[in-house]
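Written below as structure tokens is the structure these notes are about.
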Amino acid sequence: MSLPFDAYQLSPEDYERSQQALWKLTTACMQDVGFTSLGFAPSAGASEQSEAHEDLRYGTYNQQEAERLGYRPDFGQHARVAAVGGEEPRLTAEEEAALDGVSPGRTDGEPARARSTRGAEPVPEEGCYGQALDELTGGQGETYLDDSTVEELGGQSYETSLEDPKVAAVFARWSACMAAKSLTCKSPIDANNDPSFTGDVAGTKEKQVATADTQCKHSTGLVSVWHDAEAAIQRGLISENGTKLARIQALNAVIRAKSAAVLR
């Protein structure tokens, strides 16, 4: 289920490793400026329980899950990693100042920069976290984890795919398949978004429709047709936005390489 835009995003595994590397660099800096007892490392292995968001991009297609959950994703297995390692460590005001480079003594205007710790060790201008982020990203910390460009183009490719003649044709075949099961649905999007499917748990009707949906997707080859159409659209968008996407790809390559070096 991969799509061309995947090449311009960090995978869940890449993200997890980058967070581990970022906090390893941050912790080393914090210890250098006098906070020797500080130790925080995001846990490893969380990404193994994740799936990329594209796996449900075209709706449910697993009949066993549809029979059990209707249109409700199994969030325990399919949720993309949002955070690794739980909450960040609780810090004192002085530790916070060393971490973000801002003095705990606030002013009415710009906050004062933290220049040294109580033990007179100098604090990096951007704090230990900012220094670590710059090191991880090659000085491009402001764009770390900024997926806005790729997400915007991804939304555009999805919407455009709905207008593709091949997608419209396979939707019609899918709708006819659903009608043969005594279910009236114009498209799998309409089926998935039925306003009557409410509540915390899928009801009998929702499970029935979702199961039929997966069966008709399989018999018509809907997911493959839709995916191929959107992949072609994304390749066109990559050509149109090559310079911008190349910068994103280069940054991600820096992050992967630096993370590997730090964790090695």
Side-chain angles (χ1 to χ4, degrees), residues 1-9 11-12 50-80 147-242 244-245:
M1 294 293 287
S2 62
L3 285 164
F5 283 164
D6 292 350
Y8 302 92
Q9 293 179 300
S11 70
S50 71
E51 284 191 1
H53 66 284
E54 287 83 2
D55 285 338
L56 295 175
R57 190 174 185 86
Y58 309 116
T60 184
Y61 57 88
N62 184 304
Q63 183 176 334
Q64 287 70 38
E65 287 191 6
E67 292 171 348
R68 184 168 58 93
L69 300 169
Y71 284 111
R72 319 302 171 97
D74 189 346
F75 289 109
Q77 294 182 5
H78 301 294
R80 194 172 188 182
D147 285 341
S148 57
T149 297
V150 177
E151 288 178 354
E152 180 180 339
L153 291 173
Q156 183 179 336
S157 70
Y158 180 87
E159 292 299 326
T160 303
S161 73
L162 300 178
E163 302 170 3
D164 186 282
K166 292 181 180 178
V167 174
V170 79
F171 276 13
R173 294 196 297 274
W174 175 92
S175 182
C177 174
M178 294 290 279
K181 300 177 185 293
S182 302
L183 296 169
T184 303
C185 302
K186 184 178 180 181
S187 77
I189 299 172
D190 294 336
N192 188 95
N193 296 338
D194 189 319
S196 69
F197 298 157
T198 59
D200 296 332
V201 180
T204 302
K205 177 66 173 180
E206 180 180 339
K207 292 178 182 179
Q208 176 193 1
V209 174
T211 300
D213 180 357
T214 62
Q215 293 170 343
C216 289
K217 280 191 174 99
H218 286 299
S219 66
T220 60
L222 182 146
V223 173
S224 294
V225 172
W226 194 355
H227 170 271
D228 291 349
E230 187 175 12
I233 293 165
Q234 288 196 1
R235 286 191 288 271
L237 289 170
I238 288 170
S239 296
E240 295 171 13
N241 297 272
K244 188 184 299 184
L245 290 171

Atom of His227, atom of Ser2 and distance for their closest heavy-atom approach: NE2-O, 2.6 Å
Nearest atoms (heavy-atom pairs only) where Ser157 meets Leu237: CB-CD1, 3.9 Å
Residues Glu67 and Gln63: side-chain donor-acceptor under 3.5 angstrom: yes
Heavy-atom donor-acceptor pair, Lys217 side chain to Thr60 backbone, under 3.5 Å: yes
Side chain proximity check, Leu153 to Tyr8, heavy atoms < 4.5 angstrom: no
His218 side chain vs Tyr61 backbone, donor-acceptor pair below 3.5 Å: yes
Whether Trp226 and Tyr58 hold their rings parallel, tilted or perpendicular, with breakpoints at 30° and 60°: tilted
Residue pair Val209 / Ala191: nearest heavy atoms and the distance that separates them: CG1-CB, 4.1 Å
Spacing of CD belonging to Gln215 relative to OG1 belonging to Thr220, to within rounding of 0.5 Å: 11.5 Å
Separation of Arg72 CZ from Glu65 CD (nearest 0.5 Å): 14.0 Å
Asn241 side chain to Lys244 backbone, donor-acceptor under 3.5 Å: no
Residue pair Pro188 / Leu222: nearest heavy atoms and the distance that separates them: CG-CD1, 4.0 Å
Closest approach of Leu3 to Gln234 (non-hydrogen atoms, all atoms of both residues): CB-OE1, 3.4 Å
Separation between CG of Asp228 and CD1 of Ile233, rounded to the nearest 0.5 Å: 11.0 Å
Euclidean distance, Gln9 CD relative to Thr149 OG1, rounded to 0.5 Å: 10.5 Å
Under 3.5 Å donor-acceptor, Ser239 side chain and Arg235 backbone: yes
Distance-only donor-acceptor check, side chains Trp174 and Asp213, under 3.5 Å: yes
Ser175 side chain to Phe171 backbone, donor-acceptor under 3.5 Å: no
Side chain to side chain contact (heavy atoms under 4.5 Å, CB included) assessment of Phe197 paired with Lys205: CA-CA 8 Å; Phe197 298 157; Lys205 177 66 173 180; 4.0 Å; yes
Minimum heavy-atom distance between Cys185 and Met178, given as atom pair plus value: SG-CE, 4.0 Å
Reported CG-to-CD1 distance for the pair Asp194 and Ile189, which is rounded to 0.5 angstrom: 14.0 Å
